[in-house]
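The next block holds one structure in the form of structure tokens; read it before the comments.
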Amino acid sequence: MRIDIITIFPQMFEGPFNHSILKRAVEKSLVEIHLHDLRKYTTDKHRSVDDYAFGGGAGMVMMIEPVDRCLESLQSERNYDEIIYLSPDGELLDQKISNNLSLKQNLIFLCGHYKGIDERIREHLITREISIGNYVLSGGEIAAAVLTDSIVRLLPGVLNDETSALSDSFQDDLISPPVYTRPRKYKDWKVPEILLSGNEKKITEWKHERSLERTKKRRPGMI
Ligand code: ADE
């Protein structure tokens, strides 16, 4: 899989992409992540990528030209399955969307800023809009990093058996059961006896019951 991210703050991705699972996935060549600085695609002498909104109103609006030029340059090299704009009013990200996107070959994520992007970009150039939640971030970068992480960890070979994505919360429409590690007793707080019993069948049943219980309580709509 290849993910191209268009942003005015490429450095913002250095943290999330250079650690842990994402870093390993890139090192193992299971995913290629390319960051594109939008300012490199402007023809404006001041390298502006935004301008005042026609009709007035607070906030600057991201201009079409740099985005269009960047997309043209990428699309002249390969076909993209989706060109996704990260936006608070997009479809709400969930596990199903991430699963579906993890099956694609080439994706573009466009990170917005300011008051938004010229509507014509959304109308003519973008194929999908995704939000990571009903709140407003300062820009699309953190949302793009979240989306990237949720997709890349699903790619074959990225996780090992122990961290398998199949046992994640939400993957089978249930929240994961609680987990425990050493010591068996800390202060007065004990690990449930059943987990120490060695009885695999009973343990599997117990985990399933706890998952159901948690899901009913925390996400009743999922059941
Ligand atoms: N940009 C700003 N807020 C966002 C959100 N909640 N999701 C995706 N992109 C955003």
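Here the structure is a predicted model, which means the values were calculated and not measured. Whatever order the structure lists ligands and atoms in, that order sets their numbers, starting from 1.
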Item to check | Steps toward side-chain contact (heavy atoms from CB on, under 4.5 Å) verdict (Ile194, Asn199) | outcome: CA-CA 8 Å; Ile194 186 94; Asn199 185 331; 5.8 Å; no
Item to check | Criterion salt bridge (charged side-chain N to carboxylate O under 4.0 Å, His left out) on Asp168 and Arg153, from CA distance to verdict | outcome: CA-CA 11 Å; Asp168 284 343; Arg153 63 194 300 285; 2.5 Å; yes
What distance separates [X] [atom1] from [Y] [atom2], expressed to the nearest 0.5 Å?
| X | Y | atom1 | atom2 | result |
| --- | --- | --- | --- | --- |
| Met222 | Leu212 | CE | CG | 10.5 Å |
| Phe13 | Ile142 | CZ | CD1 | 9.0 Å |
| Arg218 | Glu213 | CZ | CD | 10.0 Å |

Next on the checklist: Counting only heavy atoms closer than 4.0 Å, does ligand 1 sit against the backbone of Ser87, its side chain, both, or neither?
Outcome noted: backbone
Checklist outcome for this item: At under 4.0 Å between heavy atoms, what of Ala143 touches ligand 1? The answer is side chain
Relative to the heavy atoms of [X], which atoms of ligand 1 are at a distance of less than 4.0 Å?
| X | result |
| --- | --- |
| Leu86 | 8 (C), 9 (N) |
| Ile130 | 8 (C) |
| Gly139 | 1 (N), 2 (C) |

Checklist entry - Among protein heavy atoms, which sits nearest to atom 6 (N) of ligand 1, and what does the distance come to when rounded to 0.1 Å? => result Tyr135 O, 2.8 Å
Next on the checklist: Measuring from atom 3 (N) of ligand 1, which candidate in Ile132, Leu147, Ile142, Leu137 has the nearest non-hydrogen atom?
Outcome noted: Leu137
Next on the checklist: Test your reading of the structure: does Val136 have an N or O sitting under 3.5 Å from an N or O of ligand 1?
Outcome noted: no
Checklist entry - Mind checking whether Cys111 has a heavy atom under 4.0 Å from ligand 1? => result no
Next on the checklist: Given 3.5 Å as the limit, does a donor-acceptor pair link the side chain of Ser131 with the main chain of Gly90, or not?
Outcome noted: no
Next on the checklist: Between Arg128 and Ile97, is the side-chain contact (heavy atoms from CB on, under 4.5 Å) condition met? List the steps.
Outcome noted: CA-CA 11 Å; Arg128 197 161 179 180; Ile97 295 176; 3.7 Å; yes
